[in-house]
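Everything below concerns the one structure shown next.
What you see below is based on every heavy atom in this structure, not just the backbone, and it leaves out hydrogens, waters and symmetry mates. Every value quoted in this text rests on a predicted model; they were computed, and no experiment measured them. All ligand and atom numbering here is 1-based and tracks the order in the structure.
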Amino acid sequence: MIDLLQRLLPRSLRQPTPVPDALWQSTLAAHPFLSALDSTEQGRLRLLCTHFLTEKEFHGANGLVLTDAMALAIAAQACLPLLHMHGTSGEAVRDPLKLLDWYGDFVGIVVQPGAVVARRKTTDGAGVVHHYNEVLAGEAMDRGPLMLSWEEVGSNVVIHEFVHKMDMRGISLGEHPDGAPPLPKGFLGTRGASEARQLWRDTMQTAFDAFREAVAMAERFGAERPWLDDYAAKDPAEFFAVTCEAYFVNRERFAQDFPALVALYDGFFRPAANAQ
Ligand SMILES: [Zn+2]
């Protein structure tokens with residue numbers, strides 16, 4: 001109830017419920033990529049989580065009872081990508097809480113106990129309507145709530161879905177996300193937004209094509225399967241989301257296969273470190 005009122009206040013005036021120490025420490029311990037952060041980063045992450053938990057409404061679906069530990073595990077992974085970012089308009093932010101604007105288009109987070117089977121419908125070029133089922137570990141909709149399967153929260157679905165949300169900020173209403181989020185000013189030394197976008201698209205396209213080729217070689221000709229989850233080969237938006245999981249969770253291994261993307265993502269997620 002208190003949090004509901006807090007949500008009506010501007011962030012700077014809110015006094016969100018602090019995250020208890022023991023809970024914070026156990027959350028860090030449960031996620032090696034969070035315990036690996038330095039103490040400044042962990043402090044910033046904790047601050048973001050505290051406000052995130054006030055701003056978002058968590059719902060357990062199908063009988064799932066959400067504990068504070070579960071909500072914090074989700075919050076911490078959702079806020080991890082924000083740590084060193086610039087704001088949504090591309091500028092460096094003085095107040096780290098401004099970074100939560102990246103997720104400002106929605107409030108609800110629905111957590112399902114397991115994967116969800118969604119009934120889908122598409123119309124093909126001949127006008128024939130096809131119905132099919134899709135098994136979802138999570139789902140992000142532009143300007144809509146986010147769905148996560150708790151079973152999959154341990155396997156990076158949180159980072160995946162929240163990165164989709166960032167991607168969606170780069171599209172107009174009604175468009176599909178395309179793996180090209182809005183970029184920070186001066187992105188990797190580029191001199192303007194269109195040059196930045198071009199660099200992003202060229203680098204992504206090259207990496208995506210090479211990855212699809214590697215997946216196809218494995219499927220058709222028995223070549224070694226790529227290390228990265230082949231769901232990334234689905235389309236550019238999924239390629240962005242899956243490679244971001246790897247970037248945040250296992251940077252060293254990711255860098256072996258995708259050195260160009262490490263540099264590109266550093267420019268997006270850590271623009272200040274890159275400007276120097
Ligand atoms: Zn996805």
Side-chain angles (χ1 to χ4, degrees), residues 31 33 56 58-59 61 73-82 85 102-106 108-122 132-183 200-201 203-205 207-212 214-216 219 225-251 253-254 257-258 261 264-265 268-269:
H31 301 90
F33 52 93
K56 301 304 179 213
F58 286 79
H59 306 275
I74 291 168
Q77 295 175 78
C79 293
L80 171 68
L82 300 178
M85 287 182 74
W102 280 99
Y103 306 142
D105 67 309
F106 72 105
I109 298 173
V110 179
V111 188
Q112 297 278 358
V116 171
V117 178
R119 198 80 182 111
R120 301 283 202 219
K121 194 171 88 170
T122 53
Y132 62 102
N133 291 328
E134 193 176 10
V135 179
L136 302 172
E139 187 170 39
M141 276 181 298
D142 191 26
R143 293 164 185 82
L146 195 129
M147 188 278 282
L148 299 166
S149 149
W150 179 250
E151 252 175 24
E152 303 294 330
V153 164
S155 53
N156 316 328
V157 71
V158 180
I159 294 171
H160 182 105
E161 298 304 334
F162 279 82
V163 162
H164 274 319
K165 278 288 189 186
M166 291 179 176
D167 186 7
M168 286 169 184
R169 297 198 73 96
I171 60 172
S172 323
L173 195 63
E175 277 179 46
H176 288 288
D178 57 356
L183 298 169
W200 182 274
R201 286 189 189 283
T203 312
M204 290 297 276
Q205 192 66 50
F208 181 58
D209 290 345
F211 183 69
R212 275 165 76 106
V215 169
E219 277 172 359
R225 295 201 79 76
W227 165 76
L228 190 75
D229 183 351
D230 60 15
Y231 188 61
K234 186 172 179 249
D235 59 42
E238 295 306 338
F239 184 69
F240 177 50
V242 174
T243 49
C244 282
E245 292 174 37
Y247 169 82
F248 282 108
V249 170
N250 196 345
R251 182 186 169 101
R253 183 63 188 81
F254 179 61
D257 285 13
F258 298 94
L261 291 193
L264 196 76
Y265 291 177
F268 178 59
F269 290 109

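- A ring-centre distance under 6.0 Å is found for W200 and F240.
- For H164, the N, O or S atom with the smallest separation from the Zn ion (ligand 1) is NE2.
- Checked against the 6.0 Å centroid threshold, F248 and F269 count as a close aromatic pair.
- Its N, O or S atom nearest to the Zn ion (ligand 1) is what matters here, and for H160 that atom is NE2.
- The pair K165-D142 does not count as a salt bridge, with every side-chain nitrogen at least 4.0 angstrom from each carboxylate oxygen.
- Of all the N, O or S atoms in E238, the one closest to the Zn ion (ligand 1) is OE1.
- N133 and R120 form no side-chain donor-acceptor contact under 3.5 Å, judged by distance and modelled atom types alone.
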